[in-house]
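The structure appears right after this line, and notes come after that.
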Amino acid sequence: MSIFRFPALVWLGIGILIVSLGIRQSFGIFMMPISDHFQTGREFFSFAIALQNLLFGMFQPFVGMAADKWGSKRIILMGSIAYAVGLYLTSVTTEASVLYFSLGALVGLGLSATSYVIILGAVAKVVPAEHAAKAFGLTTAAGSFGMFAMIPAPS
């Protein structure tokens, strides 16, 4: 089986990983502008990102169990909504403490539902066992590619 003959779900998973992990890795670029905007130190933004990473890991077993119960599609959709709402609230907030909820909790939840745990589980269900290694390799490489592809271009 050629990689070009993988089911559409594999390619959708690749797209989801490129976007979700790519955006996640670009947050460091915004540390100084956000800290300057809210007139806080770097530790304020760093704590929001640390909270995000902590919750990202803590939510993963629960979103995995939920995906087993209700299906990956629903969990990815709900995670995408949490991620988008978190990013939107981060972009429009005028209160610095809201970043703990938006960039920390909502984006952390969204990441746990749109990253490797759920995507690789969905890929495993649609790819024959003899092609699983190829599909998993391509899918995980996509997450790494997203870290490069989603960096904002200089203006």
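By the criterion of side-chain heavy atoms lying less than 4.5 angstrom apart, applied directly or through intervening Ile, Leu, Val, Met, Phe, Trp or Tyr residues, V107 is not grouped with F101; the two fall into different hydrophobic clusters. Note: the hydrophobic cluster containing L106 does not contain L87 (ILVMFWY, side chain heavy atoms under 4.5 Å, direct or indirect links). Both V126 and I119 are part of a single hydrophobic cluster, where members link through side-chain heavy atoms under 4.5 Å apart. I49 and V98 fall into different hydrophobic clusters, where Ile, Leu, Val, Met, Phe, Trp and Tyr residues are linked whenever their side-chain heavy atoms come under 4.5 Å apart, directly or through other members. Hydrophobic clustering (ILVMFWY, side-chain heavy atoms < 4.5 Å, transitive): F145 and I16 are in one cluster.
The two residues V123 and A135 make their nearest non-hydrogen contact at CG1-CB, 3.9 Å. Across every non-hydrogen atom of L55 and A105, the tightest pair is CD1-CA, 3.5 Å. A pairwise comparison of heavy atoms in Y83 and R24 identifies OH-N, 3.4 Å as the closest pair. Heavy-atom minimum distance, A66 versus I75: CB-CD1, 3.5 Å. A113 approaches G79 most closely through the heavy-atom pair CB-CA, 3.5 Å. In this structure, G41 and S35 approach most closely via the heavy-atom pair O-OG, 3.5 Å.
Between M32 and R42, the closest side-chain pair of non-hydrogen atoms falls below 4.5 Å. Residues T90 and L99 have side chains in contact (heavy-atom distance under 4.5 Å, counting atoms from C-beta outward). Contact annotation: the side chain of Y116 approaches that of L21 to within less than 4.5 Å [non-hydrogen atoms, C-beta and beyond]. Looking at T93 and F38, their side chains come closer than 4.5 Å, going by heavy atoms from C-beta outward. The shortest side-chain heavy-atom distance between F30 and H37 does not fall under the 4.5 Å cut-off.
Surrounding NZ of K73 are at most 12 heavy atoms belonging to other residues, nucleotides or ligands under 6.0 Å away. A 6.0 Å sphere centred on CD of E130 holds more than 12 heavy atoms belonging to other residues, nucleotides or ligands. More than 12 heavy atoms of other residues, nucleotides or ligands shown are found within 6.0 angstrom of OH on Y100. By the neighbour-count criterion of 12 heavy atoms within 6.0 Å, atom CE of M78 is sparsely surrounded, having that number or fewer from other residues, nucleotides or ligands. Crowding of F136 atom CZ: a count of heavy atoms from other residues, nucleotides or ligands under 6.0 Å exceeding 12.
In this structure, I34 CD1 and F27 CZ are separated by 8.5 Å, a value rounded to the nearest 0.5 Å. L120 contributes atom CG, which lies 6.0 Å from atom OG1 of T139 (distance to the nearest 0.5 angstrom). Taking CG of L89 as the start and CD of E95 as the end, the distance is 13.0 Å to the nearest 0.5 Å. Taking OG of S20 as the start and CD of Q25 as the end, the distance is 10.0 Å to the nearest 0.5 Å. Within the model, atoms CG of L17 and CG of L12 stand 11.0 Å from one another, a figure rounded to the nearest 0.5 Å. To the nearest 0.5 Å, atoms OG1 (T114) and CD1 (I23) are separated by 9.0 Å.
Using a distance-only test at 3.5 Å, with no hydrogens or angles considered, a donor-acceptor pair links the side chain of S112 to the main chain of L109.
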